Structures are given as structure tokens and as C-alpha cells.
Amino acid sequence: MAKIIDGKKISSDIKDDVKEAVKALQEKGQTVTLAVVLVGDNPASKVYVRNKKTACEYTGIRSLSFELPEETTEEELLRLIDDLNKRADVDGILVQLPLPEQINEDKVIEAIAPDKDVDGFHPMNVGALSIGKKGFVPCTPAGIIQLLKRSGIDMDGKHAVVIGRSNIVGKPMALLLLRENATVTIAHSHTKDLPALCKTADILIVAIGRAKFVTAEYVKEGAAVIDVGMDRDENGKLCGDVDFDAVSEIAGAITPVPGGVGPMTIAMLMKNCLAAAVE
Ligand code: NAP
């Protein structure tokens, strides 16, 4: 039976470290501030924003909330971002995605000052990651590296397979694993014989978005399996991209859903906000 990687505990340790550092800054008269921008009424986005604000409260980070109506124009949103870029009392800016269809997401991401881009989505930060320079790293893959490190899973020289090549998870994940000296393969919907490829992985990261897609036949005995998926099963219950019950019989370590990768994303956002304030 695989060791369960406890994302709740690890994320809570990280948030406690951030809380302490935020308090130390506060004592020197510096407040860490995150501006959170939500456009429209997407129910999932509202939940994500609420969770981020709760984490800010816990860590002592001041959160400024900007909730704009669904019909907000691109120009209005860009004007707000410009204001926030200029404000000396704002360290980080987070625009919750997705945005309503009249707004071009790329334009908005590119409008955020790279040194306030705590999501790590700005092309400058993406470029910095790809050439190994300092910059903000997207929170979900950064959180996965922490899960692996803090669970004592060595990446150096290991074969890591990442299923999924999105800009927010798959691609930055592969680059971060490379930085840790893993030998990395990226798989996607055109990959041939995916189960056989995955079975060669010492570390298997699954970010597809299809409930219980990865079954036992994909997994090498003893491998570490990280499940990024946030899906619903046939009964509407939250589950991941990995068939947890079957795979946990074979894997050496595995993240559950919920309680694995999910809480790490917010903890790493808090860490990025702190970094935005001190660097
Ligand atoms: P995405 O943008 O939809 O990308 C999905 C990727 O999976 C694509 O690269 C796609 O390949 C690949 N894929 C789809 N079907 C496949 C198949 N049958 N075989 C192999 N590859 C396949 O999704 P995402 O934003 O990366 O998110 C992935 C999952 O992670 C979702 O469930 C999302 O909800 C979850 N997520 C969780 C967190 C968290 O904090 N826990 C954060 C972000 C995302 P192609 O490129 O060829 O189409």
C-alpha cells in the first residue's frame, strides 16, 4: 500500500512559515498586500477567491478585493490593473481566471507587472523559468515540487512523466522537474501507448482533467504518483485523474484528492506574495 502524501499537512506547514515571516515584516512596519480581482459570477471562481482570501487572513497577508460585474470591459479591467501596478502598497496582483469572453486573457496577464505577478503566468516569468532565471513560478507545479521534496522523494536522475502540457500545470511542471535534475517526458493527447510510457516513470504527474483516467496498468511498482486532477466521479463526488483505490495498491507514494495537490496551490500563492513583498 502506497504512502499517502498529505498535502493538507505540508501546505499548513508552509502557510505557518509564511505567517511567521509576514509577522516579522509587520513588526518592522511592512504589510504584505495581495490584490485579488474577480470578474463576473463564475461559481467555481468565487469559491477559489474565497479560499485565497481565507488563506490571506490566516497568514496575515492583507487582501484587497476587487469584484467587478460580468459585463466589465477589457479596457476597464486593464485600467484597474494599471492602477494596481502603480500602487506602492500592493505587492501582488491576482486576476482569477477564467475571464468573461469579451476580455482577452492574454492581454490581461501581460498587463500585470511581472514583479507583482504572483500567479507566475506573465510571459517574462514563464521565460525566466524556462532559462533557469529567478521569477515567479506557477503555484500548482511549485507546490508539487514541495510535496515531493518534503516527502523525501528524490527527483535527481529519476524518470518523471508529466501527462498534460497546459501552460499553468504541465509545461511549468516539466521545467521544474528538469531543474531538479529529473529526466522528463511530457505526454499529451497525441502520445502513443500512454500506459506503456507511464509504466517507465519513477515519478508520474497526472494533469489531464479526466476522472480516474490513470489506472493500475499505467503505474510502475513503487512509483510516486501525483494527481493534479479535480474532477467529479459518476456520483458527483470530487475525485482526481487517478483511480486512487487501484493505483495506491501499486505506487510507492500517492496524493489523494481532495487533500493532495489542491491545498498546495494556495499555500504557494501565499509564499509568492511574501516573496513579492521582500524581493
Ligand atoms: P487543460 O488545460 O485542459 O490540459 C489538459 C492536458 O491533458 C492537455 O495537455 C491535454 O492534451 C491532456 N490530455 C487530455 N486528454 C488526454 C488523454 N486522453 N491522454 C493524454 N493526455 C490528455 O487542463 P489543466 O488546466 O492543465 O488542468 C488539468 C487538471 O488539473 C484539471 O482537472 C484541473 O481541474 C486540475 N487543476 C488542479 C489544480 C489544483 O490546484 N489542484 C490547479 C490547476 C488545475 P492536449 O494538449 O494534446 O490537448
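We're numbering straight along the sequence, starting at 1. Every heavy atom of this structure was used, including side-chain atoms; hydrogens, water molecules and symmetry mates were not. Treat the numbers as computed from the prediction; the structure is a model and nothing was measured.
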Q. Does K86 come within less than 4.0 Å of D82, counting only side-chain N to carboxylate O?
A. yes
Q) To the nearest 0.5 Å, how far apart are CG in D227 and CG in D231? A) 7.5 Å
Q.
To the nearest 0.5 Å, what is the distance between CE on M270 and CG on L34?
A. 6.0 Å
Q: Could you tell me whether the side chain of N125 and the main chain of V137 form a donor-acceptor pair under 3.5 Å?
A: no
Q: Could you verify whether a donor N or O on one side chain and an acceptor N or O on the other, from H159 and T200, lie under 3.5 Å apart?
A: yes
Q: Evaluate side chain to side chain contact (heavy atoms under 4.5 Å, CB included) for L177 paired with M173, printing each intermediate quantity in order.
A: CA-CA 6 Å; L177 287 160; M173 186 72 252; 3.9 Å; yes
Q: Assess the side chains of K52 and Q96: does a donor N or O sit below 3.5 Å from an acceptor N or O?
A: yes
Q. So, does K220 use its side chain to make a donor-acceptor pair with the main chain of I203 at under 3.5 Å?
A. no
Q) Mind checking whether D243 and V214 have side chains closer than 4.5 Å, heavy atoms only? A) no
Q) What about L238 and I266, same hydrophobic cluster or not, with Ile/Leu/Val/Met/Phe/Trp/Tyr joined at side-chain heavy-atom distances under 4.5 Å? A) no
Q: Search all heavy atoms of K171 against all heavy atoms of R165 and return the closest pair with its distance.
A: CE-O, 3.3 Å
Q: Could you grab the distance from atom CG of N272 to atom CG of L94, nearest 0.5 Å is fine?
A: 10.0 Å
Q: Compare all side-chain heavy atoms of V261 with those of T140 and state whether any distance is below 4.5 angstrom.
A: yes
Q.
Check whether D241 reaches the backbone of G209 with its side chain - one donor and one acceptor, N or O, closer than 3.5 Å.
A. yes
Q: Specify the closest pair of heavy atoms between V118 and G92, including all atoms of both residues, with the distance to one decimal.
A: CG1-CA, 3.9 Å
Q: Say whether M230 and V228 are linked into one hydrophobic cluster, either directly or through other cluster members, by side-chain heavy-atom distances under 4.5 angstrom.
A: no
Q: Might you point out which heavy atoms bring C273 and D91 nearest each other, and give the distance in Å?
A: O-CB, 4.5 Å
(Q) Which residue is it: V242, V206, L204, L148? I am looking for the one with a side-chain contact (heavy atoms from CB on, under 4.5 Å) to I226. (A) L148
Q. Roughly how far apart are I145 CD1 and M264 CE, rounded to 0.5 Å?
A. 10.5 Å
Q.
Check this for me: does any side-chain nitrogen of one of K149 and E180 sit under 4.0 Å from a carboxylate oxygen of the other?
A. yes
Q. Are I93 and D119 close enough that some pair of their side-chain heavy atoms sits under 4.5 Å apart?
A. no
Q. Are the charged groups of R87 and D89 less than 4.0 angstrom apart, N to O?
A. yes
**Q.** Heavy-atom check, side chain of K9 versus side chain of D13, under 4.5 Å
**A.** yes
Q) Could you walk me through whether M268 and K15 pass the side chain to side chain contact (heavy atoms under 4.5 Å, CB included) check? A) CA-CA 8 Å; M268 297 312 286; K15 282 190 287 185; over 6 Å; no
Q. If we only count heavy atoms from C-beta on, is the F213 to L194 side-chain gap below 4.5 Å?
A. yes
Q) Under 3.5 Å, side chain of D6 to main-chain N/O of K8, donor-acceptor pair present? A) yes
Q. Say you draw a straight line from SG of C56 to CG of L269; how long is it, rounded to the nearest 0.5 Å?
A. 6.5 Å
Q.
Within the 4.5 Å heavy-atom criterion, are L64 and T33 side-chain neighbours or not?
A. yes
Q: Please confirm whether the backbone N or O of A246 pairs with a side-chain atom of E249, one donor and one acceptor, at under 3.5 Å?
A: no
Q: Provide the closest heavy-atom pair for I109 versus P123 in the form atom of the first, atom of the second, distance.
A: CG2-CD, 4.5 Å
Q. So, do K271 and I14 sit near enough that their side-chain heavy atoms are less than 4.5 Å apart?
A. yes
Q. Atom CD1 in I103, atom CG in L77: separation rounded to 0.5 Å?
A. 5.0 Å
Q: Say whether, by atom type as modelled, one donor and one acceptor occur between the side chain of D117 and the main chain of I112 under 3.5 angstrom.
A: no
(Q) Just checking Q30: does its CD atom have more than 12 heavy atoms from other residues, nucleotides or ligands closer to it than 6.0 angstrom? (A) yes
Q: Could you tell me which non-hydrogen atom of P172 sits nearest to which non-hydrogen atom of S166, and how far apart they are?
A: CD-O, 3.7 Å
Q) Would E67 and R50 pass as an ion pair if we require N to O under 4.0 Å? A) no
Q) Hey, mind stepping through V247 and T215 against side chain to side chain contact (heavy atoms under 4.5 Å, CB included) and telling me if it holds? A) CA-CA 6 Å; V247 171; T215 54; 5.6 Å; no
Q.
Quick check on the hydrophobic clustering: are F121 and V37 connected, directly or via other members, by side-chain heavy-atom contacts under 4.5 Å?
A. yes
Q. In terms of side-chain geometry, is the basic nitrogen of K199 or E217 positioned less than 4.0 Å from the acidic oxygen of its partner?
A. no
Q | D202 (side chain) donor-acceptor with A160 (main chain) under 3.5 angstrom | A | no
Q: Indicate whether any N or O donor in one side chain lies under 3.5 Å from an N or O acceptor in the other, for T31 and Q26.
A: yes
Q: Tell me whether I186 is reachable from L197 by hopping between hydrophobic residues (I, L, V, M, F, W, Y) whose side-chain heavy atoms are closer than 4.5 Å.
A: no
Q) Going by heavy atoms in the side chains, are V39 and F66 under 4.5 Å from each other? A) no
(Q) So for atom CD, which belongs to E70, do other residues, nucleotides or ligands contribute more than 12 heavy atoms lying within a distance under 6.0 Å? (A) yes
Q. M1 and S248: side chain to side chain contact (heavy atoms under 4.5 Å, CB included), yes or no, with the steps?
A. CA-CA 6 Å; M1 186 70 187; S248 56; 3.6 Å; yes
Q | E75 atom CD, over 12 foreign heavy atoms within 6.0 Å | A | no
Q | Taking every non-hydrogen atom, the tightest pair across V126 and G120 | A | CG2-O, 4.0 Å
Q. Going by atom types alone, do E57 and T54 pair a side-chain donor with an acceptor below 3.5 Å?
A. no
(Q) For V90, is there any backbone N or O sitting under 3.5 Å from a side-chain donor or acceptor partner on K116? (A) yes
(Q) Test your reading of the model: is there a side-chain donor-acceptor pair from K3 to the backbone of S151, 3.5 Å cut-off? (A) yes
Q) Is it true that I4 and V257 fall in one hydrophobic cluster, defined by side-chain heavy atoms closer than 4.5 Å? A) no
